Amino acid sequence: MNQTMKGKILVTGGTGFIGSHTTVELQQAGYEVVIIDNLSNSNIEVLDGIERITGVRPVFVEGDCTDRAVVRRLFEDNPGINGIINFAASKAVGESIEKPIMYYRNNINILLNLLELMPEFGVKGFVFSSSCTVYGEPDKNPITEDAPTKKATSPYGATKQICEDIIHDVIRSGSPIKAILLRYFNPIGAHPSAEIGELPNGVPQNLVPYLTQTAIGVRKELSIFGDDYPTRDGSCIRDFINVVDLAKAHVKALERMLEDKSDEALEIFNIGTGNGTSVLELLHSFERATGVKVPHKIAPRRPGDIVQIWADPKRANEVLGWHAEISLDDTMLSAWNWQKRLRERGIM
Ligand code: UD1
């Protein structure tokens, strides 16, 4: 290991939304990063953004982790990898209902290849991107990690549950690795530099990219899916977590495993703010933070939506020493600055 470096980390899906922000935080914390991405849902120019922020261009391998030979070659060509953060996965809920085989094949094969090759190449720590979707509709909020998981409502959600189970079983079999499952709530926003952010393909399915694209005039009107839910203002409630805060949780998780701060081989953490925010409250936060009015209308409920869920992040706060720090208004402003940057570059 390079003496000035803390370790070498493989970030799969590292040019994606959360992967790129995590790469920045890893580099700024003193880690060397190797990215593998097949660019199926991201752009090579993300590497320029990362370099502009940190001054360091991560090693980049264009490749598909569902191909075990590709992953093997990556480990051979980049010796000394200490940890993996696995972002590479298909992640659109609606698409997964139409293409279940693609979702199961991608998300599960990627995981199996990495877990299988880790011991052979002496890789110690594994961080898995899980989701609050594993909880289904909670009986009670805020939700803790000990709450029961419920049957997934989409193949996407099912892959998160299955992947969590696979990691459990591999650890139980005595594999000499450590793993941390991070259950993300709703990641939003962008790096404050506006050098990197979220860039969905086509019409966004998620709330914040749809909102910012409406604010800048790419979309005519934001639909609020339902105002007759049993919540304080009738819209759904989520725990919106700033992507830079979320990225920092990965650095803490890796440090915990690589520095042997725990005796447990497998741990699970909720990564959220602990605050429930309604869809309408989020819209108002955007308008307040940016001064920009967003055309919107109330539309029917979206099938499959959870009514309300927010995290109890106490375990992450106490055990990882991680806290969400960035306010919702600042987060909305960062999303807007990123959207404006895309416009300046003629991308959107
Ligand atoms: C979903 C997934 C989650 C996944 C995340 C990121 C489930 C239950 N949730 O979260 O696992 O990690 O996507 O892909 O599978 N909304 C509108 N108008 C819009 C878009 C959304 O009102 O144009 C509302 C939705 O109805 C919802 C809230 O905004 O109440 C958040 O929606 P979205 O951003 O799509 O995330 P989730 O569905 O919470």
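As the structure is a prediction and not an experimental result, all values here were calculated from the model. One-based numbering, in listed order, for ligands and for the atoms of each.
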Subject >> Min side-chain heavy-atom separation Arg301-Tyr229 under 4.5 Å >> reply: yes
**OP:** Please check if any side-chain donor atom of Glu95 sits under 3.5 Å from a side-chain acceptor atom of Tyr156, or the reverse.
**Re:** no
Subject >> ligand 1 atoms in contact with Ile224 (distance to a heavy atom under 4.0 Å) >> reply: 22 (O)
**OP:** Decide, yes or no, whether a salt bridge links Lys140 with Asp312 under the criterion of side-chain N to carboxylate O below 4.0 Å.
**Re:** no
**OP:** For atom 38 (O) of ligand 1, state which one of Arg302, Gln205, Lys91, Arg238 supplies the nearest heavy atom.
**Re:** Arg302
Subject >> Atoms of ligand 1, numbered as shown, that sit under 4.0 Å from any heavy atom of Cys236 >> reply: 30 (O)
Original post:
Are any of the N or O atoms of Thr133 closer than 3.5 Å to those of ligand 1?
Top reply: yes
**OP:** Select the closest option to atom 17 (C) of ligand 1 among Phe225, Tyr229, Phe240, judged by heavy-atom distance.
**Re:** Phe225
Original post:
To the nearest 0.1 Å, how far is atom 18 (N) of ligand 1 from its closest protein heavy atom, and which atom is that?
Top reply: Ser223 O, 2.7 Å
**OP:** Identify, for atom 6 (C) of ligand 1, the protein heavy atom at the shortest distance, and state residue, atom and that distance.
**Re:** Asn206 ND2, 3.6 Å
**OP:** Could you please spell out the steps behind the salt bridge (charged side-chain N to carboxylate O under 4.0 Å, His left out) verdict for Asp67 and Arg73?
**Re:** CA-CA 10 Å; Asp67 184 339; Arg73 197 168 333 116; over 6 Å; no
Subject >> Within the 6.0 Å centroid threshold, strictly below: His21 and Phe87 >> reply: no
Subject >> Carboxylate-amine/guanidinium contact Glu267 Lys178, below 4.0 Å >> reply: no
Original post:
For atom 1 (C) of ligand 1, which protein heavy atom lies nearest, and how many Å away is it?
Top reply: Val93 CG2, 4.1 Å
**OP:** Can you pull out the closest protein heavy atom to atom 10 (O) of ligand 1? Residue, atom name and distance to 0.1 Å, please.
**Re:** Asn186 ND2, 3.9 Å
Subject >> Option with minimal heavy-atom separation from atom 25 (C) of ligand 1, where the choices are Ile309, Ile306, Leu280, Asp305 >> reply: Asp305
Original post:
Is any NZ, NE, NH1 or NH2 atom of the basic residue among Arg172 and Asp169 found under 4.0 Å from an Asp or Glu carboxylate oxygen of the other?
Top reply: yes
Subject >> Closest protein heavy atom to atom 24 (C) of ligand 1, given as residue, atom name and distance to 0.1 Å >> reply: Val279 CG2, 3.9 Å
Subject >> Closest approach of any protein heavy atom to atom 11 (O) of ligand 1, naming residue and atom >> reply: Ser131 OG, 3.0 Å
**OP:** Would you mind listing which atoms of ligand 1 come within a distance below 4.0 Å of any non-hydrogen atom of Leu222?
**Re:** 23 (O)
Original post:
Are Tyr210 and Asn206 side-chain neighbours, meaning at least one heavy-atom pair lies under 4.5 Å?
Top reply: no
Subject >> Trp310 and Asn275, any side-chain heavy atoms less than 4.5 Å apart >> reply: no
Original post:
Do ligand 1 and Leu207 have nitrogen or oxygen atoms that lie under 3.5 Å from each other?
Top reply: yes
Original post:
Would you call Cys236 and Gln308 a side-chain contact if the rule is heavy atoms closer than 4.5 Å?
Top reply: no
Subject >> Heavy atom of Tyr156, distance to ligand 1 below 4.0 Å >> reply: yes
